[in-house]
Amino acid sequence: MPNNVARAEVLAAVPTFFDEAGELDLATTKAYLAGLAPRVDGVFVCGTTGEFPALERAERHALAQEALAVFGPERVVVHVGAAATRESVALTKDAVALGARRLAALTPYYLPADPGAVLRHFEAVVRAAGPAAVYGYLFAERTGVHVEPAELAAATGLSGAKLSGRAADRFTEYAAALPPGNRLWSGSDTRLAEVMRGGGTGVVSGLSAAFPEPFARLADAVAAGDTAAERDAQAQADEVLDTLGGTVEGIKLALRHLGHGTGELRMPACEITPEQRRRIARLAATRG
């Protein structure tokens, strides 16, 4: 029976496709996005899975443009995060000029940043965004910047947040601290059911960029209160995580097996073991 839990939004955190020379592959990007569009609720572009630190401003502009053309502005969250506030503001203006209505901004990173610096950074992005919604993006393991729930709630003008790493483990604390009406996503793909029952908006899922169906089915099952379907979908989602390891390199290799791109990364990454490669190939063959 239905359990009155709102269906989660599954946003695929899409990778950036490069050719064998490491250049942006827009032809593959277009074909991939077109095939993905009916299978997820939307996309999160130029984020961690998209290797954003290795992208030039013009490349981020081109990727946002392609996503908006395929999905439309209501189904795209454009990540405008950067180490420098000046760069985040410029990226924000670029995205808004393209018609983006939903933006995510990572905290500043590399240099230490106290709560005041983080708030000033977010406030500058919000001002530049105008009517577009801006969501804070917390990922302390990558940025070195930790933001407590009360500090995030004090960020004037944010419309919500995306939580990754340790912040996602404290999802209920952030959910309780944010003002009513704010939207909250988790980057922990396979904890979608927990996020839904905790009042979250959904997940930003790198794994669903390669295998969206288990996550879409999981969202449907939880919303419908279908325990058996939820158990089956959860097992499939857990298998995807176990096989790909939740890494950009694993996701890209799976997509290569599924016929999307070269699997090349622009950023250095850990080597995938032969056994992991075999498992990814088997999963792609059975789920592709």
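Hydrophobic clustering (ILVMFWY, side-chain heavy atoms < 4.5 Å, transitive): Val76 and Val125 are in one cluster. With hydrophobic clusters built from ILVMFWY side chains whose heavy atoms lie under 4.5 angstrom apart, Leu98 does not share a cluster with Leu63. Hydrophobic clustering (ILVMFWY, side-chain heavy atoms < 4.5 Å, transitive): Leu36 and Leu244 are in one cluster. Taken together through direct or relayed side-chain contacts under 4.5 Å among Ile, Leu, Val, Met, Phe, Trp and Tyr, Val89 and Phe122 form parts of separate hydrophobic clusters. In the hydrophobic clustering of this structure, Phe139 does not group with Leu184; members are Ile, Leu, Val, Met, Phe, Trp, Tyr whose side-chain heavy atoms approach within less than 4.5 Å, directly or through other members.
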Show your working on side chain to side chain contact (heavy atoms under 4.5 Å, CB included) between Glu151 and Val118 and close with a plain yes or no. CA-CA 9 Å; Glu151 294 166 353; Val118 173; over 6 Å; no
Mind running side chain to side chain contact (heavy atoms under 4.5 Å, CB included) on Cys270 and Thr247 for me, showing each step along the way? CA-CA 9 Å; Cys270 298; Thr247 65; over 6 Å; no
Report the C-alpha distance between Glu87 and Arg57 in whole Å, list the side-chain angles of each, state the deciding distance to 0.1 Å, and finish with yes or no for side chain to side chain contact (heavy atoms under 4.5 Å, CB included). CA-CA 9 Å; Glu87 184 69 7; Arg57 179 177 168 186; 3.9 Å; yes
Carefully, step by step, assess Val204 and Tyr137 under the rule side chain to side chain contact (heavy atoms under 4.5 Å, CB included). CA-CA 11 Å; Val204 176; Tyr137 179 7; over 6 Å; no
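The two residues Val40 and Arg75 make their nearest non-hydrogen contact at O-NH2, 2.8 Å. When every heavy atom of Ser208 is checked against every heavy atom of Phe215, the shortest pair comes out as CB-CD1, 3.8 Å. What you find for Glu51 and Glu264 is that their closest heavy atoms are OE2-O, 4.5 Å. Closest approach of Ile272 and Gly250 over heavy atoms only: CD1-N, 4.1 Å. Here the closest heavy-atom approach between residue Pro15 and residue Leu255 is recorded as CG-CD1, 3.5 Å. In this structure, Pro73 and Gly99 approach most closely via the heavy-atom pair CB-O, 3.4 Å.
In this structure a side-chain-to-backbone donor-acceptor pair under 3.5 Å is present from Glu141 to Arg166. Looking only at distances, no side-chain donor or acceptor of Lys252 sits under 3.5 Å from a matching main-chain atom of Thr262. Between the side chain of Thr49 and the main chain of Val14, no donor-acceptor pair closer than 3.5 Å is present. At least one donor-acceptor pair closer than 3.5 Å links the side chain of Thr286 to the backbone N or O of Leu283. Between the side chain of Ser186 and the main chain of Val203, no donor-acceptor pair closer than 3.5 Å is present. A donor-acceptor contact shorter than 3.5 Å links the side chain of Asp189 to the backbone of Gly206.
For Glu20, the CD atom sits in a loose shell: 12 or fewer heavy atoms of surrounding residues, nucleotides or ligands are nearer than 6.0 Å. By the neighbour-count criterion of 12 heavy atoms within 6.0 Å, atom CD of Glu275 is densely surrounded, having more than that number from other residues, nucleotides or ligands.
Taking CZ of Arg197 as the reference point, atom OG1 of Thr172 lies at 15.0 Å (rounded to 0.5 Å). Atoms CE and CD, on Met196 and Glu230 in that order, are 8.5 Å from each other to the nearest 0.5 Å. Note that CG of Leu106 is 5.5 Å distant from OG1 of Thr143, once rounded to the nearest 0.5 Å. Leu241 CG to Phe211 CZ: the interatomic distance, rounded to the nearest 0.5 Å, is 12.5 Å. Once rounded to the nearest 0.5 Å, the distance linking OG1 of Thr85 with CD of Glu123 reads 10.5 Å. In this structure, the separation between CE on Met267 and OG1 on Thr48 is 9.0 Å, given to the nearest 0.5 Å.
Between Asp232 and Arg217 there is no salt bridge, since none of the side-chain N atoms of the basic residue sits less than 4.0 Å from a carboxylate O of the acidic one. A salt bridge is defined here as a Lys NZ or Arg NE, NH1 or NH2 lying under 4.0 Å from an Asp or Glu carboxylate O, and Arg277 with Glu249 fails to meet this definition. Look at Arg7 and Asp220 and you find a salt bridge, because one of the NZ, NE, NH1 or NH2 atoms lies within 4.0 Å of a carboxylate O, short of that distance. A salt bridge links Glu59 with Arg266: the distance from a Lys NZ or Arg NE/NH1/NH2 to an Asp or Glu carboxylate oxygen falls below 4.0 Å. Using a cut-off of 4.0 Å between Lys/Arg side-chain N and Asp/Glu carboxylate O, Glu148 and Arg170 are scored as salt-bridged. Salt-bridge formation is not detected for the pair Arg60/Asp94: no Lys NZ or Arg NE/NH1/NH2 atom is positioned less than 4.0 Å from an Asp or Glu carboxylate oxygen.
Residues Glu66 and Leu26 form a side-chain contact, since some pair of their non-hydrogen atoms from C-beta on lies under 4.5 Å apart. Within the 4.5 Å cutoff, the side chain of Pro214 has heavy atoms near those of the Arg287 side chain. Inter-residue side-chain proximity for Val126 and Thr156 is flagged as unmet; no heavy-atom pair is nearer than 4.5 Å. Put simply, the side chain of Tyr109 does not reach to within 4.5 Å of the side chain of Arg142, judged on heavy atoms. Side-chain atoms of Leu103 and Val96, non-hydrogen and from C-beta on, do get closer than 4.5 Å to each other.
Note on ring orientation: taking the six-membered ring where Trp is involved, the planes of His79 and Phe44 are parallel (angle under 30°, cut-offs 30° and 60°).
No option in Val77, Val43, Val45 other than Val77 meets the side-chain contact (heavy atoms from CB on, under 4.5 Å) test with Leu11.
Checked against ring-ring contact (aromatic ring centres under 6.0 Å, His included), Phe171 has no partners two or more places apart in sequence or in another chain.
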